[in-house]
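Bear in mind the structure is a predicted one, so any value in this text is a computation, not a measurement. Every chain is numbered from 1 and lettered A, B, ... according to where its sequence line falls, protein lines coming before strand lines. Side chains are part of it too, since the values below use all heavy atoms of this structure and drop only hydrogens, waters and symmetry mates.
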Amino acid sequence: MFGITRRTLIALSASAAIATSLPAAAADDIVIGGSIPLTGVFAFAGIGIEAGMQDYIKILNEAGGIQGRKVRLAYEDTGYKVDASVAVFNKLTSQDEIHLYYGDSTGFAKTINGELDRLGSIMMAGASFATELNDPKAFPHQFMAGPDYSEMTGILLEYIAKEKPGAKIVLVNSDTEFGRDPIAATKARAGELGLEVVEEIITPPTAVDVSTEVLKLRRARPDYTIFHGYVLAPLPEFMSQAKQLGLETKFMGTFWSMDSSIWAKVGEAADGFMGVMPYRYYYDEAGDAPMLDRIREMRPEYQSTPYMQGFLTAMLFTEAAKRTLEAGKELNGTNLKAALNSIENFDTGGIIGVPISIPGNSIPVGRIYRYDASAQKMQPASDWISVQE
Amino acid sequence: MTGQSETGASGAARLEVEGLSLSFGGLKALSTVSFAAEPGSITALIGPNGAGKTSMFNCISGFYHPQQGAVRFDGRDVTRMHPPERAALGFARTFQNIALFRGMTVLDNIKLGRHAHMKTNLLQALAYWGPAQREEMALRAEVEERIIDFLEINHIRNMPVAALSYGLQKRVELARALAMRPRILLLDEPVAGMNREETEDMARFILDVKEEWGTTILMVEHDMGMVMDISDHVVVLNFGQVIASGLPHEVQADPHVTEAYLGSGDPAALMARLRGEGPDTGRNREEVA
Amino acid sequence: MQIGTAKHSYRADEALLTTRPQRLWMALFALSLCAAPFLLDNYWLYLACLVAINVASATGLNILTGYTGLVSLGQAAFMAVGAYTVGWMQLNLPTPFLLNLLAGGFTAALVGLVVGLPSLRVKGLYLAIATIAASFILHFVFVNWESVTNGNSGLTLTPATFLGTPLTDYSQLYFVFVPITALMVLGAANLFRTRIGRAFIAIRDRDISAEVLGISLLRTKLMSFAISSFYAGVAGGMWAYFFRVVTPESFPFVYSIFFLAAIIVGGMGTILGAILGAVFMTLVPELLRFGIDWLTPVLPNAAAMLSPVRTIVFGLLIVGFLIFEPKGLAEIVQRTRRYFHLWPFKK
Amino acid sequence: MSDLLFFTEVTLAGLGSGALLALTALAFVLIYKATRVINLAVGEMLMLGGYLFFAFAAGLGLPAFAAIPLAVAGGGLVGAIVERGLIRPMLGENPISVFMVTIGLGSVLVGLVELVWGTDPRALPAFMGTTPVFIGEAYVSRKIAIAFVVAAVVIAVFLTLFRFWRGGVALRATATDQAAAYSCGINVPGVFSLAWIVGCGTAAGAGVLLGSIGGISPAMGVFGLSALVVVIVGGLDSVAGALVGGLVIGLIEAWAGTYLGGEYKLVTTFGLLLVALMIRPYGLFGTTEIERL
């Protein structure tokens, strides 16, 4: 009724149901804290992340937890506002003993970093893949469960260089910290790979009407257009206008634009959209993915890409905690991070198609997918690409 | 500005208007008006409605800039000066439609009058340091002892202005003008809208100001009885020109004046008004709000 | 009520706190402020620091909007100027943090002077809109003046150090912020005991007759802008030391609306109003968080309602106070005080 | 492609988005003219219009020709409620207070929309077709072309109504002098209500157009700020000013966005606003308000 999607409702009630049906907290629970955007401009991600983390924790607890200790997620909504995220962090860390924390934005990750260093007791990951955070010296207690934004565009460029050497590329970025993040790195990498960046288009963060930008695109006539700094809008408008104009360019995006359910709503115009995705999709039938089977068992309906991100983050959190406890060490930021960095050729149960290692703050692997409008699915367009140095 | 500011309003000034002309677009409001207000005297500016009295006042206090002519203050040409500079020089005025600050108490309104003569700067004000505090205390003492007592408004000093009666508001406005250490006091219809008793009080205060403070006073007023009673000198304006000036009884007898007033309304009432009879107060109260 | 005639009593009469109960309450309040860090947990200390910052900025805006009658929707942008100044100095100069805060205040004041210039030509809503324009232009500067602001990623500050100790935890910051804010509030209260404060009010009430009293509109309005943005700048500087990351997105336009809302809800043109308003508007969203905690068992999707409900409550508070209690919380406090002043002798 | 053709296309795109700005600005002007209220919630009314259309067209599955009038009517209804419930009690108050009431109202509307529809941006059902439009050789986005035509027609209708229709005359009279209009037997409260209904309805309609171009989200109300710039530049009480101002701002934004870069759009607009305020505080076509002593 009135267009409230079923997905939203289900996600909301499911998440809340889990939140309410929590078993009584035991004193030795391992608590994962979370500043999660269940509302606000990034709610679409937050709802999936929360569900993914809860599901993995459930699987883990059913298998006996970590050395007999149960894992619990304590989180609150932030509305994707930095000050609210900080407030939630302070509230949760005052209420519980927390060693693992999920943060919701680049701004929060940077803001809380000093506090993490001061406390020394917490390792954090989150929804930000900002290039700046991929620096173990400056952010010793943080990591990201995937490639950073520059690595994402690096994977795209790698693919382009193979498909069409010397291709002309246009970068379209939103005028935000998120949007501008990989521009410099992308241009440098494109140069190395012999690709030509023919135009850079910056859109105001509030842009709704992109007609003039489309005209610029038309004039540049690129082979590939790489969007970054958006979830969905204004990509569909770019694509449908480009189609009207008969432009041949291929449109590409990064992780946060890759959920297939948001493209399903766009319809025909979405066909052919490509992008980099660090995880497998819910409907991927690959044989080596027992975790995906497990997820489909728990949740019969499609789960979003943020769900996968949350799921994997919880997996890595708990893996680090397990390794720390097994080594007989105290749970704190430094030990947890060291344990995380000890992860080598780790099997994620198929969430990521190749075994992963985390020597630093990121997992620089991903795969190119292409949206197929008739099947309403993202189909693999490449093999897994690693840009690890 | 100069030395007199420490000694208060002792130095009554001479105000001279010379050949003043003012027009709005094609409309001539004043044409070559000349007159003078002598130090320590009360000069009244009268004339029928639309004669240019308020325009004259606005030229003297610096709101309007006349096209020709000059306003001189003790011989100094002030025609081009802005209102705040004039205030610093010793101009003080009251308004026909009371221009008190309604959000403040009586005391604060009066204190505001001294603004231009005070020296506290921003830093001192924020800290409320020695000099700032001393200056404020001196002001408070002076306002209390010289002005509030003098105008008999002790009982209302901490009341918000908006709560006062019309007559009292006019009195507070006079108090504020006195706090400006005026060397010339411009009163724009000081008794308009007052009843007989309030009018008499105000007339007494104006005379007292002249005697005790020795300030030069220039006023616009419609209440002829009051004008004739207290003025030393009367200037009559009509259609933007001076048609008569002199001692009150001389002006009263001037046929031009009679004619000017006769030409602009009910003859009987105007004659009575010119003679200062009857309770006509010129304006009704609604207009003043 | 006659207040004594002896000279020394004028001083007593002009004091900020005139009665014994007032002084007693103030002493109690000061005592509880000192005790707070030892009683509150980290979360509430965090909120206390944030409240201190917001009170400082709201007090500044109140000087401009509440007392001088010049509506500004640029307070957050002025805070940003202060925050960037402090951030830049902290990273590039060896100056002590208190000096940086002052410099943040002065830079913001300078910018405030420039932004205040249109106030000579336009007033009321037009001025409010000019300040909106100024904040968007400042935002552009923050994004594009990369050599100073580091563009979109902004500045990441090292902690302030005081007497050799880095100020990193909230109780340390609390002991720095609260006295600074208290001083700023005291300064504002003092201001309105002197000619300058009176001139501000005069301009708000009737600017033309203020001119006749020798108050220069130009100077006074600009002075008000400067003080207000100085307050914002210092508050922004504290903000920078508090969150330690300053980006162009740190001070969004709604933050300016927040401050205007705070002084409306608290009470325009009263010192108490800005304080109450900033405290109230900072804490209400947090209290809603607890409301959601309690509601969750009854209303399954309560958590997902928090942010919209906050937005709605924020709007309703503005609308409700303007319609039903335009003088704000300060007036409610005054009424309560009068009531208890007479109690139990009179109902 | 020749530079001249490119320039022409950019200019046409600018005119198109300028028409949308003008339409939104019209909502400001109507309300300001009658009630002297700057309604900052116009942006949120516009957003609400987009969501109402979404609810009727996507939620209830109504065809566009039914959903559009319903969305406009819904906007008008909200306008009527707001006028009676919030604005009328504030009559005679300081204009700043009323302005702040509309800011509060905007916040409430955003919260309500988030509560009902969530915060995800959504696309509106397509109803404009996809065949590209070419004027000569120059390409114009079809949606923008349609928006331009609709906005132009609506503004023309309003200009005509103001001149010839009784209600329009009553509105103009009220704008000039409320007391005099009242004494001439004009139903001034009625005019107030009418202005809010029509103004908010217009905003809602603009929201449908805007939403069909760029999708809808609770944050789309910021478009109202650009429209506010238009009315300040054009004159708060001038319909013609809204029209000319809208086109001017649309063109300048398009040129700035193309030749300087997208990040220059907003700053150019607001820079222009500051200049306009300093040179002509009451806008190109606005009535100068005379300060009285």
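- Note on ring orientation: taking the six-membered ring where Trp is involved, the planes of C:F97 and C:Y241 are perpendicular (angle over 60°, cut-offs 30° and 60°).
- Ring geometry, A:F129 versus A:W256: the interplanar angle falls from 30° to 60°, so the pair is classed tilted.
- The parts of A:D175 that come within reach of chain C are both its backbone and its side chain, each placing non-hydrogen atoms under 4.5 angstrom from that chain.
- Proximity to chain A (any heavy atom under 4.5 Å) is restricted, for C:F290, to the side chain, taken from C-beta onward.
- Salt-bridge annotation for A:D96 and A:R72: present, with a side-chain N of the basic residue lying under 4.0 Å from a carboxylate O of the acidic one.
- Looking at A:A130, there are no atoms closer than 4.5 Å to chain C (heavy atoms on both sides), in backbone or side chain.
- For A:V82, no part sits under 4.5 Å from any heavy atom of chain C, backbone or side chain.
- The contact list for residues 149-160 of chain C toward chain A, using heavy atoms and a distance under 4.5 Å, reads C:N152, C:S153, C:T156 by residue number.
- Within the cation-pi definition used here (under 6.0 Å to the ring centroid, within 45° of the axis), A:K110 does not qualify as a partner of C:F243.
- Proximity of the aromatic rings of C:F242 and C:Y46 is defined here by a centroid distance below 6.0 angstrom, and this criterion is met.
- Each of A:D104, A:D77, A:N90 was scored for a side-chain hydrogen bond (donor to acceptor under 3.5 Å, both in side chains) with A:S85, with one residue passing: A:D104.
- Proximity to chain C (any heavy atom under 4.5 Å) is shown, for A:D83, by both the backbone and the side chain.
- Between C:Y255 and C:F259, the ring center distance clears the sub-6.0 Å criterion.
- Separation of the C:F253 and C:H139 ring centroids does not fall under the 6.0 Å cut-off.
- Both the backbone and the side chain of A:T176 come within contact range of chain C, each with at least one heavy atom under 4.5 Å from a heavy atom of that chain.
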Stepwise salt bridge (Lys or Arg N to Asp or Glu O under 4.0 Å) test for C:E286 and C:R310:
CA-CA 9 Å; C:E286 292 304 316; C:R310 275 182 175 185; 3.6 Å; yes
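- Counting heavy-atom pairs closer than 4.5 Å to chain A, the top-ranked of the candidates C:T168, C:L50, C:T311 is C:T168.
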